[in-house]
Every structure is written in structure tokens, then in C-alpha cells.
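Before any comments, here is the structure.
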Amino acid sequence: MFQMHGMENLDLMGDPSGSMTTLTPMSETPITSSHHQLHGSYHSMNHMMSHHHHGGPLSGHTPGSHHSAMAAAVAAASLHPDQDTDPRELEAFAERFKQRRIKLGVTQADVGKALANLKLPGVGALSQSTICRFESLTLSHNNMIALKPILQAWLEEAEAQAKNKRRDPDAPSVLPHGEKKRKRTSIAAPEKRSLEAYFAVQPRPSGEKIAAIAEKLDLKKNVVRVWFCNQRQKQKRMKFAAQH
DNA sequence: ATGCATGAGAG
DNA sequence: TCTCATGCATA
């Protein structure tokens with residue numbers, strides 16, 4: 001149970017040129033998102049709607065002069081860096097968040113949608129995936145820090161309204177019909193094991209190595225490239241980060 | 001809950 | 001090309 005699949009005699013591991021590539025210590029300002037999109041009609045809408053995160057509105061300054069409710073959140077985030085960037089604090093908050101969210105009878109998807117209603121500058125809706133990942137700490141440290149004040153703002157708002165026993169029967173979504181759906185490639189277990197073996201010795205293979213691996217495993221080069229990218233991202237997620 | 005994918009931004 | 005934030009699709 002340890003088959004080194006397609007690693008036979010392919011010199012994919014040797015790296016004479018010492019291509020250690022970058023070791024970026026996160027020099028940018030990856031704060032949060034700004035995108036609104038509900039359901040995917042990924043047909044012709046796929047390259048125009050998508051997302052548009054990064055360098056988001058929360059990246060350091062408030063465009064224009066529109067601080068309001070978020071000013072508090074932003075202030076909190078910058079006035080107590082220690083507390084807000086502390087992995088344990090994040091972990092504690094994530095747990096509290098989830099518990100209170102459930103107490104309110106709100107789903108992860110609901111929270112994501114509700115964020116858009118908070119009208120915080122540059123803060124739109126988020127997906128169920130992201131809320132789930134926040135709660136389970138499976139986001140990067142920076143991402144957790146960026147999302148915390150936003151989710152905290154939502155939580156406070158939601159609990160305030162819960163007291164007033166507010167209820168809003170929102171209209172169920174009407175899924176746009178018959179649009180092409182994105183298909184998810186599934187990498188078979190044997191191939192995945194090989195990829196993991198390669199990754200263990202070379203997490204950042206060059207384009208040529210990727211091509212070689214792809215051919216060996218009979219996978220699209222892009223699939224292999226993306227697999228490595230996602231694998232690297234995984235390594236950086238809080239859960240496995242040796243920070244706590 | 002998580003696998004594979006997209007796209008903006010930065011080299 | 002890579003990273004990073006994020007999401008659709010699916011198990």
C-alpha cells in the first residue's frame with residue numbers, strides 16, 4: 001500500500017537548476033472580497049460575473065469617505081492586531097460564531113447571503129463554502145483575520161434582530177433553468193496517490209515537470225497544475241499551520 | 001464538508 | 001506563472 005505509481009524513471013524529482021522559486025511571505029494586502037453573484041449560470045456569464053476579490057475595498061483604506069458601521073469593525077481590526085490576529089482568538093471566535101449561528105437557526109448559506117444586507121462598504125455576499133471554511137478554520141490566517149470583523153458584525157446584527165423577534169420571509173430562489181453547469185473533474189485514487197508522492201518531494205514542479213507528470217498519469221496538464229496549486233494552498237490553511 | 005476551478009493581482 | 005480569496009459542484 002505504498003505504490004510509487006508513475007514515478008519509475010522519470011526525472012521529475014531532480015532539480016539541477018535549483019528552482020526553489022518564490023517563497024513569498026505574503027507581501028500583499030489580501031483582505032476581503034467584493035463580489036455579488038447568486039447562482040451560476042456559467043454559460044456566457046462565466047467570464048464577466050465571476051469574482052473580483054483581492055485588492056478588495058478593505059485593502060487598507062476606505063474608498064471615498066464612507067465609513068459607517070464598518071468603521072467600528074475596521075477600527076477593531078487595526079486597533080487590536082494582537083487580539084485579532086491571534087490564532088487562538090480566531091479559533092475561539094470561529095467556534096463561538098458557529099454555535100451562535102446555529103442557535104439563531106441560520107444556515108451557513110444564509111449567513112453568506114445576509115452579509116450583502118449589512119451594506120458594509122465593499123462587502124457583498126459570500127458562499128456557503130466560505131462560511132463553512134471560516135468556521136472550520138480551513139482558510140488562510142490572513143483570510144480569517146479579514147473575515148472575522150465582517151462575520152462578527154453580522155452576528156451582532158442578527159442577534160439584535162433576534163431579540164426584536166424580526167422575521168423576514170424571503171423569496172425562495174428561482175433557479176435560472178437550462179444553463180450549462182460546470183463539470184468537476186475527478187482525479188482517481190491511484191493518480192491522486194501519485195500526485196501526493198510527487199508533491200512530497202517537489203511541491204512546486206516546473207511547468208515541464210507538470211507536463212511530464214500529466215502525461216504519465218494521463219491527465220490534462222492544467223488539471224495537474226491546478227492540483228498542485230490547491231495542494232499548496234491547503235498547506236497554508238490554519239488547521240495545519242504550526243501556529244497553534 | 002471538500003475537491004477542482006476561476007480570476008485578479010503581482011511578479 | 002504563481003498566489004490568494006473564493007465558489008460551484010458534489011460526496
Side-chain angles (χ1 to χ4, degrees), chain A residues 17 19-60 94 98 101-102 107-109 111-113 115-116 122-151 173 175-176 179-189 191-193 195-196 199 202-211 214 217 219-241:
Chain A
S17 54
S19 59
M20 280 272 55
T21 5
T22 57
L23 252 174
T24 105
M26 295 181 176
S27 46
E28 322 143 70
T29 324
I31 305 301
T32 332
S33 63
S34 78
H35 58 278
H36 312 255
Q37 46 81 55
L38 302 179
H39 6 256
S41 325
Y42 140 99
H43 193 116
S44 57
M45 210 164 125
N46 65 329
H47 68 293
M48 65 145 281
M49 78 158 206
S50 41
H51 10 247
H52 157 197
H53 353 70
H54 234 98
L58 295 174
S59 302
K98 180 168 189 175
R101 186 206 100 218
I102 292 174
T107 67
Q108 295 171 332
V111 174
K113 293 287 192 182
L115 292 181
V123 179
L126 285 179
S127 67
Q128 172 264 327
S129 301
T130 300
I131 303 305
C132 174
R133 284 169 172 151
F134 179 86
E135 293 182 345
S136 59
L137 304 172
T138 46
L139 289 175
S140 70
H141 187 202
N142 278 359
N143 204 174
M144 288 295 293
I145 291 172
L147 259 31
K148 186 191 172 193
I150 294 168
L151 294 182
S173 54
L175 294 173
E179 290 286 352
K180 226 173 254 178
K181 290 186 178 180
R182 183 166 80 189
K183 189 53 187 176
R184 213 179 80 186
T185 316
S186 187
I187 301 174
E191 285 68 36
K192 211 169 292 189
R193 278 181 242 118
L195 289 172
E196 281 159 6
F199 188 83
Q202 180 51 255
R204 313 196 52 185
S206 67
E208 300 213 313
K209 284 177 182 173
I210 289 176
L217 303 180
L219 291 171
K220 293 299 183 59
K221 182 184 175 184
N222 205 53
V223 168
V224 175
R225 183 183 60 72
V226 170
W227 187 87
F228 274 91
C229 285
N230 284 324
Q231 212 58 30
R232 277 177 235 125
Q233 268 199 296
K234 264 193 180 180
Q235 282 195 316
K236 297 184 177 181
R237 288 174 179 174
M238 280 202 78
K239 270 208 167 175
F240 311 110

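Below, chains carry the letters A, B, ... as their sequence lines are ordered, and counting in each starts from 1. As the structure is a prediction and not an experimental result, all values here were calculated from the model.
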Check your understanding: Of the nucleotides B:dC4, C:dT6, B:dA1, which has the atom closest to the A:Gln108 side chain?
Key -> B:dA1
**Study point:** Residue closer to the 5' end of DNA chain C, A:Gly207 versus A:Gln233 (nearest nucleotide)
**Key:** A:Gly207
Study note, to complete from the structure: Atom CG of A:Leu139 and atom C1' of C:dG7 are separated, to the nearest Å, by 12 Å
Revision key, fill the gap. Quick note, A:Cys132 side chain, CB onward, closest among B:dA1, B:dT6, C:dT3 is B:dA1
Review point. Looking across every strand, which nucleic acid part, if any, lies under 4.0 Å from A:Arg232 by heavy atom: base, sugar-phosphate, or nothing?
Key: sugar-phosphate
Review point. How would you label the contact of A:Lys192 with the nucleic acid (heavy atoms, under 4.0 Å): base, sugar-phosphate, or nothing?
Key: sugar-phosphate
Review point. How would you label the contact of A:Lys221 with the nucleic acid (heavy atoms, under 4.0 Å): base, sugar-phosphate, or nothing?
Key: nothing
Check your understanding: According to a strict under-4.0 Å criterion, is A:Lys98 in side-chain N/O contact with OP1 or OP2 of B:dA1?
Key -> yes
Point to revise | C:dG7 phosphate, OP1 or OP2, under 4.0 Å from A:Arg184 side-chain N/O | key: no
Check your understanding: When only distance counts, do a donor and an acceptor, one from the side chain of A:Asn230 and one from the base of B:dA5, lie under 3.5 Å apart?
Key -> yes
Review point. What nucleotide among B:dA5, C:dT6, B:dG3 has an atom nearest to a side-chain atom of A:Thr130?
Key: C:dT6
Check your understanding: Under the 3.5 Å rule, do the base of C:dC8 and the side chain of A:Ser127 count as making a donor-acceptor pair?
Key -> no
Check your understanding: Could a donor-acceptor pair under 3.5 angstrom be found where the side chain of A:Arg182 meets the base of C:dC8?
Key -> yes
Study note, to complete from the structure: By nearest-nucleotide position on DNA chain C, the 5'-leaning member of A:Cys229 and A:Arg237 is A:Cys229
Check your understanding: Shortest non-hydrogen contact from A:Ala214 to A:Lys221?
Key -> CB-CA, 3.6 Å
Check your understanding: Looking at B:dA5, C:dT3, C:dC8, which one has an atom nearest to any side-chain atom of A:Arg133?
Key -> C:dC8
Point to revise | Options C:dA5, B:dT2, C:dT6, nucleotide nearest the side-chain atoms of A:Ser129 | key: B:dT2
Atom pairs and distances, donor-acceptor, side-chain atoms in residues 129-138 of chain A, under 3.5 Å, two or more places apart:
from, atom 1, to, atom 2, distance (Å)
A:Thr130, OG1, A:Ser127, OG, 3.3
A:Glu135, OE1, A:Arg101, NH1, 2.7
A:Glu135, OE1, A:Gln108, NE2, 3.0
A:Glu135, OE2, A:Arg101, NH1, 2.6
A:Ser136, OG, A:Cys132, O, 3.0
A:Ser136, OG, A:Thr138, OG1, 2.9
A:Thr138, OG1, A:Arg133, O, 3.4

Point to revise | Presence of A:Lys183 side-chain N/O under 4.0 Å of B:dC4 phosphate oxygens OP1/OP2 | key: no
Exercise for review: Check whether any side-chain N or O of A:Lys236 sits under 4.0 Å from OP1 or OP2 of C:dT3, and answer yes or no.
Suggested key: no
Exercise for review: For the pair A:Phe199 and A:Phe228, name the ring-plane relationship: parallel under 30°, tilted 30 to 60°, perpendicular over 60°.
Suggested key: tilted
Review point. Taking all non-hydrogen atoms of both residues, which atom of A:Ala94 and which atom of A:Met144 are closest, and how far apart?
Key: CB-CE, 4.4 Å
Check your understanding: In chain order, what residues pass the salt bridge (charged side-chain N to carboxylate O under 4.0 Å, His left out) check against A:Lys98, with sequence neighbours excluded?
Key -> none
